[in-house]
Structure formats: structure tokens, C-alpha cells
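The block underneath contains the structure these notes are about, expressed in C-alpha cells.
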Amino acid sequence: MANCINYKEVLNASQLEAVMTQEGPLLVIAGAGSGKTRTLVYRVARLVETGVPPESILLLTFTRKAAAEMLERAASLADERCRFVSGGTFHSLAHKVLRGAAHFLGFDNNFTILDRSDMEEVIQSLVQDMTIGRGAIRFPKRSTLTNIVSKAANLECGIETLMGEEYGQFLEYAPQIKKLQGLYAEYKRDNQLMDYDDLIVFLRELLSTHEQTRMVLSDQYRFVMVDEYQDTNKIQADIIKWLSRDHHNIMAVGDDAQSIYSFRGANYRNMFEFPMLFPEAKLIKLEQNYRSTQPILNLTNALMGQAQEKYTKCLFTERKDGEIPRVVDTGTEPEQAFFVSTKIKEEMSRGRSIRDFAVLFRAGYHSFELEVELARQGIPFVKYGGFKFMEAAHIKDVLAYLRVIVNRDDGVSWGRILRMLKNIGPGKSQAIIAWMKESACSASEIAAWPGAGKAGEGLKGLASLLGALSARDFAPTAVVEQVVKYYKPILQEKFDDFPRREKDLEQLVLMAERYRKISTFLDDLLLEPPNSAAEMGVVHKGDCLTLSTVHSAKGLEWPVVFVIWVMEGYFPPARANAHEEAIEEERRLMYVAATRAKDRLILCYPGRETGRSWFSSEARGLSSFIQALPHGVVEHASSRGRGVRASVWERVMPLGKRESRFIATTEKPEGLKKGDRVRHPAFGQGVVAKLVGEEKVEVLFKNAGRKLLHLGYTILEKV
DNA sequence: CATCACGCTGTTTTT
DNA sequence: CAGCGTGATG
């Protein structure tokens, strides 16, 4: 039975107003820690309480987990029926709709979803088919290409525009990349594939061109709520517009100061445009903070005070007292790791629980050094962000088998499976896939491929596995179990950290238990991928210190937060104009990090160069936005000179100064043109990059580094 | 055509 | 460290 809630008792005035406003468009500007989730939870409860059927409420959040937690809370404090509210991400909504309506767009409803690495693989293979790489110097690598294509899709801008603004260093290849984009789209259509970007693009297309679908959705979801609105992009804003065009019952909640997803097209200006989209929109600001002490809020307020464009708000709290945030120059990165771990140990010996701490950073690898030091000092930790469980090679390997069982046409997965066999590489795997398509043979008949030769044994084994699996309708667990059994010898060959990876596979078997169909299992893994084995809820987390990227720490809080920061530093010359924009984003990132802290905040930065390579602080010193803070907001300190030790990598592999590029100027042999491939007796093959005057050419050798500097030049021959 | 050993390089953040 | 290209070897 429903509990009776006294809203006035549990909500402040602004929150109450948001909860009680049920009809019409509503924009809630919710500062960090201002009870945003609470407000959403109570609003769901209130809607249900006043008789709105739960199924007609749609709660769009940033992760499905966030939605599930909110609905759980609403159910437990108000009405059990809150569990029937539809909640999820834009992507999961799109997926659900498209599984039943993709045919209106000329797709098969059984389309396969491409994850990031599949996308990279397809793009890579297209690049090879195009033979773009031929004669091209410094053609972007596949992950960069994928970033470009994906971002262009999310921003809905042309390749040239995007590249002009953000990838100046590759601008000369814009025509090829544009062609690549076209080929990629074509490939996806031919093979019934959709990537993450397609899901939302196609949902919008469906809504705008297919009146029937729009009507069905708009009728079903009479009340729409969007959380983290600052992280939506233009396409998602359009989806919102279409969904609520008829009823205008749309509530968007967000904080422009916390927009940290511009790299995937998110545009916090959506928040400023909401009132234009819905002119009668009511605007509510939540400014009282229930998380941090006032000194911490002074810092975050000052940070956002520097921003160019914002909804001005000033966070305040009743917790007036507290320690002033500290900014600590820790010297080098190894010293920083030592400082943080020692400090935490110290606090723990005074009775603090290890769960009270978190260390936040911008990129996964920024904590490498710290992880080693923590292990050395015997401090247990869990890490969020960085590499994904799903992206681990061994997981992808196993899933590839499942995918071909579900969708026999999935060429990407076939390639992966085949290349795991002895004596089968890129060439043969492609040939086999082509042959399979041509002869329309079943999975268990691949052993009949005429060109097998030495690979015959392996093919037979694979065929019998797939034959056995498709012969009967096994439960997902059983299928995964058999695949893992087949795969284990391969795993052993392929990786030397065999035991760790083997454990992951056992987790995968356990996860499959929750599903009745393999296809749903796969869809779920792609749309709500677990971060790690620990996050899958299978491994007990125990008492651990939390390490996390700022992005993965959104919405969470800890009593004591350390932020380890590398200054806004790395911008290739061709991107120098991106500097301003990047600093704006870094500032918001720091804002999100700082607002995670309840009681104490310690910002650490390495003030001294460590002389190491890529994962060290290339840029050192203090970020400009910290320097610009007014006096008294932070307290500066130094921990230099304590616990100096060589970095892990210096111990493992000493690094000298390295030369980065090596273009040799040399005498020009007869008839040599730009783009010609040439051979150098000492350095192997290179490409003529440039003609210098009449007699000389510049030749670029890849990977010939230091040798070139020492040996001097000789005559080149054309290849 | 597959595989191996070697050398060189390096923005990141996620649905 | 991981990813990638290269050139030598089956």
C-alpha cells in the first residue's frame, strides 16, 4: 500500500515547487549536491500518487543503473508501482523502439549493434580496401578515424567543418575521410549494422518522418523527465521535442556547470535553448547544497564564476565550518603517489574508514603510478573508468562466438573467430567469409572450405563447436560454458596473464545465468556494459579505496576527496586554437571533481617535470583556473622532497630523450616524384614527402628513429 | 599467406 | 604498456 508522504517536510521550497509542478514544460537548474535525484524521485512518486499510470512516465537518465536506482527509491518510499515507470538511457529507449520499427527505415528489425571496437574494426577494414594509406604520411590511426566519424554524426556537421575545428593536424585528409564516412554508412546498411550513434539518429528520424511511431510513443509517455540534460546533444534534444510535442509535459533537469561530455557532441547550450523550445517553460533553480562544507562550495563557486557562459547560481549550505581546500604541489608524479597513499594510511590509522576516501583524475592512466604505490603499501582499491570489462580482448573473443550464433552474417565477429585459428590470418579469414556468403553454408559447414590446407584441423574444431551449439536450443549459460571450454586453450596461448582472464570468463558464465536468450544477453552487455567484474555485482567489493575518473564519479560523493591533476597541457600545434574551449571544459571537470567532496578536498599536482614519456605530466605546474582563484579560497602547500623514488617505468625501462619525427633530406635521384615509394639501404622503405628545390627531396621513414640521426644519408632507389 | 621479432610512438573522457 | 608498421622467415 502506498505510504503517505508529507512533501513539505522532506523537500525545500524549490524542490517542492519542482515536484508539485506536474503539467507543462519545466527546466530545473540543479547545482551539484542540491538534491536533484531526490527531487526526481519524489516527482515520480507524486505523479503516481496523483493517479498517473506508471507506464506513462518516462525517465531518461545517463545510465540505466541511475534510472533503476531512482525508481527503486521511489518504490520503497511511496508506491510499489513506481517500479513500472519506464526508465533508461536515450540509447536503450532507441534500441527498444528500433527493434520493433527499424523496418520503417529500411533496416531489418534484427539489426546487430556495433560497439566501439567493432566500429573501429569496420573502419579499419574499409581504409585498407580504399588503399588510402598508400603514400599517405601520418594518416590518422583507426581510433582517431572512429572518433572523427562518430563526432561528426553526433554534431551533425560535415567532416571538413569538424576537422577544421578540432583535427587541424589531419585536415589534408578530409576528402578521404569523407569518402570513408560514406563507405562506412553504406557498409552498415548492407550488413544490417547500427552503431551507438545510429541508434539515436535513427530514433529521431523515425519520430520526425513516421507519424505513427511518434503518436504511439507520445501517447504512451505522457510525462517525460530527462536527467543530466546538460549532457544531451542536439539530436537528443530533438528527440525530446518530438516526444513531448503533443502534451508538453516535459521536465529537464541539469547543471550547465557539470557538462563534461562535449567530446561526444553534448552541448550544455541545450539548457539555454530549452526555454526557446518551450516558451512557456517554468524555470526553477536548486541552489542549496546538502553535500559539502561552505569552504568547498566557495571554491566551486569561484571556479564557475570564471566561466564565460552559464546559468548563474550560487551554491550555499548550512554547514558553514570546515577545512579550506588544499592545493598541494607534490613534486613529481611518483612523489604524488607516495603522498596520497601515505596520507590515506595516516588518516586510517586515526580511525577513518577506507571507504571514506576517493581519488579522482581525468584519464584512466593518470592513476597508474598511484596504483603501484597503493599495492606496495598494501592498500586495497577498486577503480572505475578507463578500460572497460567489455573491451578486454578475451571477453570480446568469447562474445564473438555468441554473436555469430545469433547473427550468421556478422562478418566482424567471424573474422575475429577465424583469426584465432592457427594458420589463418587476415587474408584467409576474409576469403572464408566471402566463400560462406557465396555458398550460403551453415556455420558447421565451414570445415568444408576448399582452401583450408594447414588450417583444416582448426576449422574442424570450430565447426563442431558451432554445430553442437546450433543443434539444440541451449540456455545462454550452457552456451557460454561450452564456448569458454573451447576457448580456454586459445586463451592460454594468447595471454600470459591467463589466470586473471580466466576468472573474468567465469564471471561471464555467471552473468549469462540471468538471461533466457543469448540475443538479449548480448544487447544488454552492449547497452549497459559493466565497468568491471566488481561492478557486475558478482565480486564482493569489500573495504576498498575508490579510484575513479571524474566522468565515472558523477553523482557520487565521499567525505574526503583527493584530486590528482595534470595541467591542461597537451595540444598539438595544429590544435592550439582549441585551447580556450578545452580549458573551459577542464574547469567544469574540476568543478565536478571538487563537488564530490563532503568534508575535505585536496588537490594535488606535480610541480616538477619527471622526465618521463607520455603518461607523465608533459605539462607541469598549476592549472590556470586554480591560479585564478581569489585569495583565501584555497590554501597552498607543498609536499616536495618526501619519499622520492624512481617511477615504475624508469625502473623497468630507462627512457632517454627521443626524437619524434625523422624526415630525411637527401639528394634527388632522377625522376623522383612526391608520393613515390623509395628504398634506403639502411632504413628500409620510405615515401617522398616533399620536393625541396631542384635537387633535394624530403623522405619520410616511419619507425627508423635514432638510426637515421646517426648514420647520415645515402642515395635512394625507387621501389 | 601467416607468423615472429623488433623498433617506435603516444590525449582523454563514454552511451 | 599496447598498438602498429616493418622486414625477415616459414
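So that the names make sense, note that chain A is the first sequence line, chain B the second, and so on, each numbered from 1.
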Rounded to whole Å, how long is the line connecting atom [atom1] of [X] with atom [atom2] of [N]?
X       : N       : atom1 : atom2 : result
D197(A) : dT15(B) : CG    : P     : 13 Å
H551(A) : dT15(B) : NE2   : P     : 10 Å
D118(A) : dT14(B) : CG    : P     : 18 Å
L145(A) : dC4(C)  : CG    : P     : 11 Å
Y196(A) : dT13(B) : OH    : C1'   : 15 Å
E120(A) : dG3(C)  : CD    : P     : 10 Å
I260(A) : dT14(B) : CD1   : P     : 9 Å
D115(A) : dT14(B) : CG    : C1'   : 12 Å

Parallel, tilted or perpendicular: rings of F263(A) and H551(A) (30°, 60°):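 Taking F263(A) first and then H551(A), their aromatic rings stand perpendicular (interplane angle over 60°).
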For the residue pair W565(A) and F625(A), does the interplanar ring angle fall in the parallel (under 30°), tilted (30 to 60°) or perpendicular (over 60°) class?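 Perpendicular, since the angle between the ring planes exceeds 60°.
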Nucleotide of [options] approaching [X] most closely (side-chain heavy atoms):
X       : options                  : value
R116(A) : dT14(B), dA2(B), dT13(B) : dT14(B)
K428(A) : dT13(B), dT15(B), dC1(B) : dC1(B)
Y261(A) : dA2(B), dT12(B), dT14(B) : dT14(B)

When you measure from the side-chain N and O atoms of [X] to the phosphate of [N], is any distance below 4.0 Å, counting only OP1 and OP2?
X       : N       : value
T549(A) : dT14(B) : yes
S552(A) : dT14(B) : yes
R142(A) : dC4(C)  : yes

Does the side chain of R99(A) reach to within under 4.5 Å of the side chain of D523(A), using non-hydrogen atoms?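 Side-chain contact under 4.5 Å: yes.
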If every non-hydrogen atom of L162(A) is compared with every non-hydrogen atom of A152(A), which pair is closest and at what distance?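 Taking every non-hydrogen atom into account, CD2-N, 3.7 Å.
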Any ion pair linking E121(A) and R419(A) (charged N to carboxylate O, less than 4.0 Å)?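 Yes, R419(A) and E121(A) are salt-bridged.
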For F263(A) and dT13(B), say yes or no: do the ring centres fall under 5.5 Å of each other while the ring planes differ by less than 30°?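 Yes, F263(A) stacks on the base of dT13(B), since the ring centres sit under 5.5 Å apart and the planes are within 30°.
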Start at the 5' end of DNA chain B and walk down; is the nucleotide closest to E585(A) or to S429(A) reached first?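 On the 5' side of the pair lies S429(A).
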Residue met sooner reading DNA chain B from 5', once I424(A) and L589(A) are mapped to nucleotides: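 Comparing both residues, the 5'-ward one is I424(A).
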